[in-house]
Amino acid sequence: MIDWDLAVSTANRLVRPGPEVSRDEARAVVAELRAHATESEGHVRSFTGLDTRGNDTPVLIVDRGGWVRANVQGFRHVLRPLLDKVNERRDTIPGANALSGVGSKVTGLELGTLLSFLSARVLGQYETFAPGVGTTPGVGPGRLLLVAPNIVQVERELDVDPTDFRLWVCMHEETHRTQFTAVPWLRDHLEQEVHAFLTETEVDPSAMMRRFREAAQALVTGRRGEGDDEGRSGDNSLVELVQTPVQREILHRITAVMSLLEGHADYVMDGVGPQVIPTVAEIREKFQQRRARGTGRVDLALRKLLGMDAKLRQYRDGERFVRTVVDQVGMSGFNRVWTSPNTLPTRGEIADPQTWVDRVHGTRSAPS
């Protein structure tokens, strides 16, 4: 279904060069990011009360090509259930095997193009589903990636203190590492949700074409897909519009978890910031402005199509949820969110934090 090697080679051909730095400058950036990643662990652990001692999750300082290769490995792992399903279906369709070679080249090119676009925008990433990582005792379930050229580029664009900005970025990504290493069940829960989503994917060509036609019509007319009653279709990406109703329910749960994780990371990086990052207020203000405006018309259009605007809302809504809950019940009370999948907030509770406080800290029963 996907020519993975072609995806990597396509991305490497299309990826834009990073900012100009000398070899000595590059070495200094890598060394500083490694030091900040180590320093951040103690700050995050102290602020959140989450214990990650005994877990030595790998930290990789990568360039844009390294980020592409790492994500292709992760995609191959997480998409395996869907690819197996497609292969089973292909064996029952006359002529499908002859077309599969062409189809895999097309999808490889498409994936490579997408990865080249994203590789210039990601500052850091906790790679939750890195294959082969997390199976060794004492090693956390994933790996932390810091994309050095992108960090340097953004700190220059924002005209902020490089040392402060690098530590600030590391604080956000270290919070993600802390979430997964301190909460052992979280990775498996998220992977099960993703696999359930992929299992529901339509692999029948006629059904897929019907959904694409419906999505195209919805984009033109402003109507939403079946069973979706929250706002207008103009708020959706193409990916969201072609989902089945069951997938949409699963995605709502995944969105709630991702909003929690991203909002928690933003809350922590800003909460720790004033103690160790003198210019954190300036960095936050400039970075928020950059998030909101994008980098150009093409960038804004692609963000909308790919659903990246929803990602930005996750930061905002999730941070508000965390801040509201901590203000009411303290950090230890908030940390009950990590007790089990049943104490994770729903998408409705992300929007209305009081309902989560009532359910988890009060007497109201959990929603079905």
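Side chains included, hydrogens not; waters and symmetry mates left out as well; all remaining heavy atoms used.
The minimum heavy-atom distance linking I151 with F165 is given by the pair O-CE2, 3.7 Å. E319 approaches Y267 most closely through the heavy-atom pair OE2-CD1, 3.8 Å. When all heavy atoms of I277 and L167 are compared, the closest pair comes out as CG1-CD2, 3.7 Å. Scanning all heavy atoms of the two residues, the minimum distance from C170 to A37 falls at SG-N, 4.0 Å. Scanning both residues, S119 and V147, for their nearest heavy atoms gives O-CG1, 4.4 Å. A pairwise comparison of heavy atoms in T355 and E349 identifies OG1-CG, 3.2 Å as the closest pair.
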Problem set entry | side-chain contact (heavy atoms from CB on, under 4.5 Å) between Q289 and L158, intermediate numbers included | CA-CA 10 Å; Q289 292 173 356; L158 298 181; over 6 Å; no

Problem set entry | Evaluation steps, side-chain contact (heavy atoms from CB on, under 4.5 Å), between F75 and L115 | CA-CA 11 Å; F75 281 145; L115 289 172; 3.7 Å; yes

Exercise. Should R177 and E173 be marked as a salt bridge (Lys or Arg N to Asp or Glu O under 4.0 Å) after you check the CA-CA gap, both sets of side-chain angles, and the distance that decides it?
Worked result: CA-CA 6 Å; R177 183 167 69 159; E173 303 307 331; over 6 Å; no

Problem set entry | Check against side-chain contact (heavy atoms from CB on, under 4.5 Å), K105 and L6 | CA-CA 7 Å; K105 298 296 183 185; L6 181 59; 3.9 Å; yes

Problem set entry | Verdict with supporting geometry, V280 and D164, side-chain contact (heavy atoms from CB on, under 4.5 Å) | CA-CA 7 Å; V280 65; D164 284 2; over 6 Å; no

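Residue L260 is grouped with residue I254 when hydrophobic side chains (ILVMFWY) are merged at heavy-atom distances under 4.5 angstrom, including chains of intermediate members. Under the 4.5 Å side-chain heavy-atom criterion for grouping Ile, Leu, Val, Met, Phe, Trp and Tyr, W67 is not connected to V15 through any hydrophobic cluster. In the hydrophobic clustering of this structure, L14 does not group with L109; members are Ile, Leu, Val, Met, Phe, Trp, Tyr whose side-chain heavy atoms approach within less than 4.5 Å, directly or through other members. A continuous path of ILVMFWY side-chain contacts below 4.5 Å connects L60 to Y126, so both sit in one hydrophobic cluster. Under the 4.5 Å side-chain heavy-atom criterion for grouping Ile, Leu, Val, Met, Phe, Trp and Tyr, M258 is connected to V194 within one hydrophobic cluster.
Under the 3.5 Å distance criterion, with hydrogens and angles disregarded, no donor-acceptor pair is assigned to the side chains of R166 and H36. Donor-acceptor pairing under 3.5 Å is lacking for the side chains of E127 and Q73. Side-chain atoms of T279 and D161 include no donor-acceptor pair closer than 3.5 Å. Looking at T163 and E32, their side chains do bring a donor and an acceptor atom within 3.5 Å of each other. When only modelled atom types and interatomic distance are considered, D188 and Q192 share no side-chain donor-acceptor pair under 3.5 Å. Side chain to side chain, T324 and Q328 fail the donor-acceptor criterion of an N or O pair below 3.5 Å.
The closest side-chain heavy-atom distance from L33 to L146 is below 4.5 Å. For the pair V154/L123, a side-chain contact is recorded, criterion being any heavy-atom separation below 4.5 Å from C-beta on. Side-chain contact between T107 and D3 is absent, with no heavy atoms from C-beta onward closer than 4.5 Å. The closest side-chain heavy-atom distance from I283 to E155 is not below 4.5 Å. Using a 4.5 Å heavy-atom threshold, the side chains of M269 and V169 count as separate. Side-chain contact between L50 and N335: present, with at least one pair of heavy atoms (C-beta onward) separated by less than 4.5 Å. Residues H176 and E262 meet the side-chain proximity criterion, which asks for heavy atoms closer than 4.5 Å. Side chains of V257 and E193 form no contact here, defined as non-hydrogen atoms less than 4.5 Å apart.
Taking the six-membered ring where the residue is Trp, W356 and F334 present tilted rings, their angle falling between 30° and 60°. Under the 30°/60° scheme for interplanar angles, the aromatic rings of W168 and F287 are found to stand perpendicular.
Taking CZ of R45 as the reference point, atom OG of S40 lies at 11.5 Å (rounded to 0.5 Å). Separation of atoms OG1 (T255) and CD1 (I250) is listed at 11.5 Å; rounding is to 0.5 Å. A distance of 4.5 Å separates CD of E157 from CD of Q153, quoted to the nearest 0.5 Å. With rounding to the nearest 0.5 Å, the separation of CZ in R323 from CG in D270 is 10.0 Å. Atom-to-atom distance recorded for T128:OG1 and L186:CG is 8.0 Å, nearest 0.5 angstrom. Distance check: E174 CD to T178 OG1 gives 4.0 Å after rounding to the nearest 0.5 Å.
A distance-only check finds no donor-acceptor pair linking the side chain of R359 to the backbone of P345 [under 3.5 Å]. With H264 contributing its side chain and V322 its backbone, the two residues share no donor-acceptor pair below 3.5 Å. R336 places a side-chain N or O within donor-acceptor distance of the main-chain N or O of V360, the cut-off being under 3.5 Å. Judged purely by atom type and a 3.5 angstrom limit, Q179 uses its side chain to pair as donor or acceptor with the backbone of L261. Panel note: side chain R64, backbone S116; no donor-acceptor pair is recorded below 3.5 Å. Without hydrogens or angle criteria, D352 side chain to G348 main chain gives no donor-acceptor distance under 3.5 Å. A donor-acceptor contact shorter than 3.5 Å links the side chain of R121 to the backbone of F117. Checked by atom type and distance alone, the side chain of S46 never pairs as donor or acceptor with a backbone atom of G42 at under 3.5 Å. With hydrogens and angles ignored, the 3.5 Å screen pairs a side-chain donor or acceptor of N150 with a backbone N or O of V122. With hydrogens and angles ignored, the 3.5 Å screen pairs no side-chain donor or acceptor of S259 with any backbone N or O of G318.
Between E249 and R253 there is no salt bridge, since no side-chain nitrogen of the basic residue lies less than 4.0 Å from a carboxylate oxygen of the acidic one. Look at R284 and D266 and you find a salt bridge, because one of the NZ, NE, NH1 or NH2 atoms lies within 4.0 Å of a carboxylate O, short of that distance.
Among residues two or more places apart in sequence or in another chain, the side chain to side chain contact (heavy atoms under 4.5 Å, CB included) test is passed with V21 by E25, A26, V152, R156. Evaluation of the salt bridge (charged side-chain N to carboxylate O under 4.0 Å, His left out) rule for D159 yields no partner, not counting sequence neighbours.
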